[in-house]
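Values below: all heavy atoms of this structure, side chains included; hydrogens, waters and symmetry mates excluded.
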Amino acid sequence: MLVKYSEELIEEVRSRNDIVDVIAGYITLKKSGTSYKAKCPFHTEKTPSFSVSPDKQIFHCFGCGVGGNVITFIMKIENLNFVDALKLLADRVGMILPEKDQDIDKKKYRKRKIQYNIHIDAARYFYRNLKNSEVALRYLKERKITFETIVKFGLGYATNHWDGLYKYLLSKNYSKEDIAQSGLIISKQNQSEKYYDRFRGRLIFPVFDLSNRVIAFGGRILDNQMQPKYLNSPETLIFSKGYHLYGLNHAKNNMKNRQIIIVEGYMDVISLYQYGIQNVVASLGTALTKEQARLLSRYAEEVLIAYDGDEAGQKATLRALDILFSAGCKAKVIRIPNQMDPDEYIRKYKQEGFIYLINQALSFIEYKVMLARSKYSIDTIEGKINFTKEVAQILKNIKSEIEIDAYIKKISRETGIDEAAIKSEVYHNKKSKIETSKNIIGNNRNTIQYKKDKSFVKNSVEKKSAIILAEENLIYMISQDFRLFQIFKQNMKWEDFTDDFHRKIAKIIFEKMENKEYVIPAELLDIFKTEEAGEKIASIFSKELNKEFMEKDIMEYINTIQVYTLQNKIDQLNQNLKKMSKKENPEAINKVYIEIVELKKKLEELKGN
């Protein structure tokens with residue numbers, strides 16, 4: 001008999017398998033805007049209608065209607081049941097799922113569970129050490145870290161003893177083999193049975209996964225005698241640094257404006273959090289990876305990079321921008337002045353000062369233009385030429401001609417170089433110009449389709465189909481934007497959806513939005529599980545509605561549903577009226593008449609809107 005997997009475990013398998021990477025192993029995907037296109041592997045077609053969304057982690061075929069998340073795709077492409085598909089994906093990322101009927105799987109699952117237990121015991125050991133360490137507590141006091149923050153992040157201290165943690169874990173009855181596999185101890189050279197602690201004389205930062213389990217540690221020296229300054233856990237059965245972000249377990253519940261801030265260090269995260277900037281994370285002792293970028297894109301619409309203001313920080317920022325851009329993330333750069341790091345800055349200027357920096361954040365292009373400007377003196381002709389040429393190369397990466405035009409005007413004013421000359425430099429590569437045109441055509445096509453949808457809702461003879469479309473678009477809208485959710489909430493309730501399935505989805509979205517949680521389409525598929533539900537959800541969230549239209553037209557969709565609902569009530573009352581006998585109480589008949597009149601007045605008001 002198979003083990004019943006928890007929702008938490010299923011979500012972990014799904015979230016660690018990026019849908020684009022998995023599907024790309026079966027079919028050829030081509031980037032198209034924010035999504036990927038291909039010919040559907042589930043039916044024969046000449047024109048690609050199969051779409052994969054990296055930010056929503058779903059796929060959908062507009063031709064045959066098939067859709068779902070990464071688990072659904074594997075079930076279909078490999079012809080597997082849910083459990084076998086889950087096991088295949090788990091194996092792909094090095095996860096072990098338990099099975100009662102296979103001793104080898106039970107053993108692997110047990111080892112993984114042991115590692116979680118070892119890490120929580122190690123965290124408790126480090127925390128107790130911190131409470132008794134004058135040097136560590138003095139350091140944290142100097143950094144203005146409060147006791148509440150220490151507890152919140154589970155900070156600890158590793159003493160200078162060579163094998164203090166090792167002996168402690170042995171006393172908890174863990175085997176030498178399991179302790180060694182945790183990465184918390186290191187074997188002595190040429191003495192495989194002799195071990196010493198990896199972390200000694202360091203402030204300890206436990207690393208938590210999204211389920212708030214301790215999976216690794218980082219350690220910082222408290223004097224200048226030891227090197228390196230920071231030391232991190234190695235890769236283990238439960239930890240892969242390229243797939244995790246420090247502080248995400250806190251940040252995912254404290255998003256503001258669907259933004260997340262990424263910094264370089266543990267102390268940056270902790271200080272910002274303590275001063276009220278709580279949507280903040282850090283990469284784990286490594287440059288930002290594409291897997292971390294994809295993880296960020298699942299929780300935020302916009303990533304703000306707040307690396308150190310020195311030269312190394314600038315280089316790291318440029319690398320991170322490119323990775324975020326390629327992952328489809330909207331990114332901006334928070335500039336920390338005077339080569340300060342975020343920790344130093346917020347301790348000096350507090351929350352208000354950092355919010356000011358957030359509001360002044362530069363876009364991807366603005367930051368690159370700023371760096372280009374710093375390299376040249378535009379007081380000289382040569383400097384103006386070199387600066388303008390570099391900016392022209394930067395602008396070639398922009399899809400929007402309007403945005404390009406705005407930058408050209410700005411650069412022209414700064415340098416005195418004619419706009420036509422700058423435009424010629426931007427577009428002199430014919431291929432770049434063609435690609436830009438293709439993108440514009442693609443965007444127009446989405447706009448045209450959206451207009452068709454609006455027309456369909458407004459004019460379709462088949463009213464029920466129009467209502468279904470209006471409800472689908474509303475579900476998409478309110479799940480993507482808190483402001484749109486608030487507009488919807490002021491005018492409708494989730495119970496007002498006419499379709500049963502839509503009501504179920506809307507209820508979940510309402511609960512998440514009320515709790516300030518984000519709606520991840522792929523998670524919805526894990527909740528409903530059935531193939532039919534998966535295809536419906538994929539169809540809804542594969543829409544690419546223009547944000548400008550969404551803000552303008554949400555009331556039109558709300559109005560459409562309200563009109564439909566009122567008309568239904570009036571029709572029902574008219575039916576009731578026909579069935580009522582003239583011999584019945586005249587007051588009862590008159591009451592129905594009055595109700596119909598009042599509803600018709602409301603209906604006319606809505607139609608007038």
Side-chain angles (χ1 to χ4, degrees), residues 1-18 21-22 70-71 74 80 82-127 154 156 165-166 168-187 195 197-199 204-218 232-246 248-249 252 284-286 289 291-292 295 523 526:
M1 183 178 175
L2 297 178
V3 176
K4 184 178 180 181
Y5 301 124
S6 67
E7 294 296 332
E8 178 186 79
L9 183 59
I10 292 170
E11 173 56 20
E12 184 179 356
V13 173
R14 187 201 61 75
S15 64
R16 289 183 63 178
N17 280 275
D18 182 78
D21 286 347
V22 172
V70 70
I71 301 173
I74 289 298
L80 299 174
F82 181 84
V83 172
D84 287 338
L86 198 68
K87 287 198 296 185
L88 187 151
L89 289 169
D91 185 62
R92 181 178 179 272
V93 293
M95 290 178 63
I96 306 300
L97 300 182
E99 279 194 73
K100 287 186 176 180
D101 59 348
Q102 291 187 22
D103 289 340
I104 186 168
D105 284 342
K106 284 176 65 177
K107 184 179 179 182
K108 289 178 181 177
Y109 179 72
R110 187 164 59 248
K111 280 186 171 295
R112 197 172 164 82
K113 189 174 181 180
I114 288 170
Q115 287 305 314
Y116 285 123
N117 291 336
I118 285 175
H119 278 73
I120 191 61
D121 279 330
R124 290 168 178 156
Y125 169 83
F126 290 136
Y127 177 73
L165 175 61
Y166 177 49
Y168 173 76
L169 292 174
L170 285 174
S171 73
K172 302 290 287 185
N173 296 319
Y174 294 112
S175 70
K176 291 180 181 180
E177 179 188 2
D178 287 330
I179 300 172
Q181 288 180 351
S182 72
L184 296 174
I185 61 173
I186 302 171
S187 61
Y195 298 98
D197 294 351
R198 178 179 295 274
F199 298 102
I204 296 297
F205 304 87
V207 177
F208 296 85
D209 65 12
L210 293 175
S211 302
N212 287 309
R213 296 175 298 195
V214 182
I215 55 174
F217 297 95
N232 300 292
S233 287
E235 305 267 320
T236 66
L237 280 173
I238 60 173
F239 175 62
S240 178
K241 63 184 178 182
Y243 287 85
H244 296 277
L245 289 159
Y246 181 71
L248 187 57
N249 58 315
K252 68 185 177 70
L284 293 157
T286 182
T289 67
E291 288 80 14
Q292 289 170 330
L295 186 59
E523 286 184 2
D526 290 340

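- Atom OH of Tyr127 is surrounded by more than 12 heavy atoms from other residues, nucleotides or ligands within 6.0 Å.
- To the nearest 0.5 Å, atom CG of residue Leu170 and atom CD1 of residue Ile179 are 4.0 Å apart.
- Residues that satisfy the side chain to side chain donor-acceptor pair (under 3.5 Å) test with Thr236, not counting sequence neighbours, are absent from this structure.
- The minimum heavy-atom distance linking Asn17 with Arg92 is given by the pair OD1-NH1, 3.0 Å.
- Minimum interatomic distance between Arg213 and Tyr116 (heavy atoms only, all atoms of both residues): NH2-OH, 3.3 Å.
- Note on ring orientation: taking the six-membered ring where Trp is involved, the planes of His119 and Phe217 are parallel (angle under 30°, cut-offs 30° and 60°).
- Taking CG of Leu165 as the reference point, atom CZ of Phe126 lies at 4.5 Å (rounded to 0.5 Å).
- A distance of 8.5 Å separates CD of Gln181 from CD1 of Ile118, quoted to the nearest 0.5 Å.
- Minimum interatomic distance between Tyr246 and Leu284 (heavy atoms only, all atoms of both residues): CB-CD2, 3.6 Å.
- Residue Tyr174 holds its OH atom at 11.0 Å from CG of Leu184, rounded to the nearest 0.5 Å.
- Of the inter-residue distances, the one linking Ile74 atom CD1 with Leu88 atom CG reads 5.5 Å to the nearest 0.5 angstrom.
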task: Before giving the answer on side-chain hydrogen bond (donor to acceptor under 3.5 Å, both in side chains), spell out for Glu235 and Ser240 the whole-Å C-alpha distance, their side-chain angles and the decisive distance to 0.1 Å.
output: CA-CA 5 Å; Glu235 305 267 320; Ser240 178; 3.1 Å; yes
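- By the side chain to side chain donor-acceptor pair (under 3.5 Å) test, Asp91 is found to be paired with no residue, residues two or more places apart in sequence or in another chain being considered.
- The two residues Val13 and Ala90 come nearest to each other via the heavy atoms CG1-N, 3.9 Å.
- The two atoms that bring His244 and Leu295 nearest to each other are CA-CD2, 4.5 Å, heavy atoms only.
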- request: Could you walk me through whether Glu291 and Asp18 pass the side chain to side chain contact (heavy atoms under 4.5 Å, CB included) test, one step at a time?
  value: CA-CA 8 Å; Glu291 288 80 14; Asp18 182 78; over 6 Å; no
task: Take Arg112 and Ile238, measure what side chain to side chain contact (heavy atoms under 4.5 Å, CB included) needs, and give me the verdict at the end.
output: CA-CA 7 Å; Arg112 197 172 164 82; Ile238 60 173; 3.7 Å; yes
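- Here the CG-CZ distance, from Asn232 to Arg198, works out to 9.5 Å after rounding to the nearest 0.5 Å.
- Partners of Ala216 by side chain to side chain contact (heavy atoms under 4.5 Å, CB included), not counting sequence neighbours, listed by chain and number: Val207, Ser233, Phe239.
- Contact detail for Pro206 and Val214: the closest heavy-atom pair is CB-CG1, 4.2 Å.
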